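To start, the structure itself, in structure tokens.
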Amino acid sequence: MYLSTTRASDIAGDTPAPKGPLRAVPGTVFALGLVSLVTDVSAEMVTAVLPLYLMAGLGMSPLAFGALDGLHQGATAVLRLAGGRIADRTRRRKLVAGTGYALSAVCKAALLVAATPWSVAAVLAADRTGKGLRTAPRDALISLSVPPGEQGRAFGVHRALDTAGALLGPLAAFGILWVAVDGYEAVFTVSCCVAVLGVVLLALFVREAPAAAPPATPTRPPLPPVRTLLRLPGLRRLCLTAAVLGLFTVGDAFLYLLLQRRLDLSAAYFPLLPVGTAAVFLLAALPVGRLADRLGRSRVFLGGHLLLFGACLLLLAPVTVPGGPLLVAGVLAPLGLFYAATDGVLMAAAGPLLPAELRTTGLAVLQTAQALARFAGSLMFGAAWTLWGPGRALGLAAAGLLLCVTVVAVSGGARADRGS
């Protein structure tokens, strides 16, 4: 195994990883990718069964599920900022990230005793708190490990490893539900054990980023606050773009539910739907990241939202066109490409705009803007589903998404930023 034969300094990013698809990627990126892989196996085992568990098993309404899905996306906004500021001030990005990973592992165990929809919601809010704490410090560790021109590649490698976990998690959940009668508790138990393994890997193999050079003079002014970061034109533009598009981004859980209803899939096969998305994401993350480095990260980011719009259109097509496997592929493949073109690419676009000493805070600001918008979007989609039905709700969301992509592109939000 690569990590077991590599010096600690190599893992910290002093030397590149082996030649091949992972060439020029520091060991820090590779180690964090392995941590994310294991953690995503744990997280996606739960995520794959939650929609049916809550709506079919515990009787949650579409509106309530929309609120919960939004909570999943946006309830950690303040903690993202807090975690970012703490990590930047203390220069202990690994410790802050590790705290977030550990909290999420504890929450997996708590799911075993949560028996009502809103007790599950409380546990998930705590789990998202852990994700909010760890995401910005983790991405800052990645961004600080590579030069500006390699940001897309580095985040592509990390997201590919991360998505391998997202691919394995639903498969594990499917296997457990296949052999266990009412196997939700078994899914939660295995998920907890895997999450603990991720924390152990982080503690053993990830090294803190090198400390920034000392200031030239002892009278350096204090670090600027969040509002000063937002005065950076590039970051402000990215935050606005991510928020506007996030408002009309339909959550994948809703898309899976719509696909399941249309095809009348049994509950046992439902966890396999995220597998198709994760497989496409896994294969596309690195090539799309490299494409973003060359073509422009903002352009690729907007293109990913057009792919999501295409997946929505297929679900809005007449019942007989298309059908069966063609519809599944037509929805899951664009959804996977959407994540490949947006998740790591957005962080790669923001990283070079931010000074090293404020990298974590700046990424947290961007993630918070997107999370709050997706929280509001999930609430609106759930309310529209409840009031007018799933078809009209999806149509309104798709129309809003296309309009926002057009406005952002025309206004210059998709300008080229190669090697920025």
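Owing to the predicted nature of the structure, the values given are computational and were not obtained by experimental measurement.
- Between Ser36 and Leu161, the closest side-chain pair of non-hydrogen atoms is not below 4.5 Å.
- Between Phe281 and Tyr339, the two ring planes are parallel [angle under 30°; tilted spans 30° to 60°].
- The two residues Cys404 and Leu245 have their closest heavy-atom pair at CB-CD2, 3.7 Å.
- Of all the heavy atoms in Cys239 and Val365, the pair that sits closest is SG-CG1, 3.9 Å.
- Side-chain atoms of Arg207 come within 3.5 Å of backbone atoms of Leu204 as a donor-acceptor pair (strictly under, hydrogens ignored).
- Put simply, the side chain of Leu308 reaches to within 4.5 Å of the side chain of Leu255, judged on heavy atoms.
- Side chain of Asp293 to backbone of Gly152: a donor-acceptor contact under 3.5 angstrom is found.
- Atoms CG and CG, on Leu247 and Leu401 in that order, are 10.0 Å from each other to the nearest 0.5 Å.
- Taking every heavy atom of both residues into account, Arg261 and Pro390 meet most closely at NH2-CG, 4.0 Å.
- Within a 6.0 Å sphere centred on CZ of Arg92, heavy atoms belonging to other residues, nucleotides or ligands number 12 at most.
- Taking every heavy atom of both residues into account, Val29 and Ala154 meet most closely at CG1-O, 3.5 Å.
- Side-chain contact check for Leu394 versus Phe381: some heavy-atom pair is nearer than 4.5 Å.
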Begin with the C-alpha distance, continue with both residues' side-chain angles, and end with the deciding distance and a verdict on side chain to side chain contact (heavy atoms under 4.5 Å, CB included) for Leu141 and Glu208.
CA-CA 7 Å; Leu141 286 169; Glu208 185 60 78; 3.4 Å; yes
Between Arg237 and Ser298, is a side-chain hydrogen bond (donor to acceptor under 3.5 Å, both in side chains) present by the stated rule, with each step listed?
CA-CA 10 Å; Arg237 183 175 57 250; Ser298 297; 5.9 Å; no
Would you sort out whether Leu103 and Asp127 count as a side chain to side chain contact (heavy atoms under 4.5 Å, CB included), showing the intermediate values?
CA-CA 7 Å; Leu103 179 58; Asp127 176 72; over 6 Å; no
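- Proximity of Phe254 to Leu315: side-chain heavy atoms (C-beta onward) are nowhere separated by under 4.5 Å.
- Of the inter-residue distances, the one linking Leu81 atom CG with Ile86 atom CD1 reads 11.0 Å to the nearest 0.5 angstrom.
- With hydrogens and angles disregarded, a donor-acceptor distance shorter than 3.5 Å links the side chain of Arg359 to the backbone of Leu354.
- To the nearest 0.5 Å, atoms CG (Leu168) and OG1 (Thr163) are separated by 11.0 Å.
- Taking the six-membered ring for Trp, His305 and Phe309 have ring centres at least 6.0 Å apart.
- Rounding to the nearest 0.5 Å gives a distance of 9.5 Å between CG of Leu37 and CZ of Phe30.
- Within the structure, salt bridge (charged side-chain N to carboxylate O under 4.0 Å, His left out) contacts touching residues 159-178 (residues at least two apart or in different chains) are Asp139-Arg159, Arg159-Asp343.
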For the pair Phe301 and Leu238, evaluate side chain to side chain contact (heavy atoms under 4.5 Å, CB included) and give the outcome as yes or no after the intermediate values.
CA-CA 10 Å; Phe301 183 72; Leu238 277 178; over 6 Å; no
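- Within the 4.5 Å cutoff, the side chain of Thr39 has heavy atoms near those of the Arg134 side chain.
- When all heavy atoms of Leu286 and Arg153 are compared, the closest pair comes out as CD1-O, 3.8 Å.
- With contacts defined as side-chain heavy-atom distances shorter than 4.5 Å, the pair Asp252/Leu335 qualifies.
- With hydrogens and angles disregarded, no donor-acceptor distance shorter than 3.5 Å links the side chain of Gln151 to the backbone of Ala349.
- Atom OG1 of Thr277 sits about 3.0 Å away from atom OH of Tyr256, to the nearest 0.5 Å.
- Smallest separation of non-hydrogen atoms from Gly304 and Phe338: O-CD1, 3.2 Å.
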Test side chain to side chain contact (heavy atoms under 4.5 Å, CB included) on Leu258 and Val250; report intermediate values, then the result.
CA-CA 11 Å; Leu258 289 168; Val250 182; 5.6 Å; no
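- No side-chain heavy atom of Met45 sits less than 4.5 Å from a side-chain heavy atom of Lys108.
- Between Val280 and Leu332, the closest side-chain pair of non-hydrogen atoms is not below 4.5 Å.
- If you take CG on Leu201 and CG on Leu197, they are separated by 4.5 Å, rounding to the nearest 0.5 Å.
- Val275 is linked by a side chain to side chain contact (heavy atoms under 4.5 Å, CB included) to Leu167, Pro170, Leu171, Leu272, counting only residues two or more places apart in sequence or in another chain.
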Return all side-chain donor-acceptor pairs below 3.5 angstrom for residues 187-194, not counting sequence neighbours, or 'none' if the list is empty.
| unit_1 | atom_1 | unit_2 | atom_2 | d |
| --- | --- | --- | --- | --- |
| Thr189 | OG1 | Glu185 | O | 2.9 |
| Ser191 | OG | Ser42 | O | 2.7 |
| Ser191 | OG | Ser42 | OG | 2.9 |

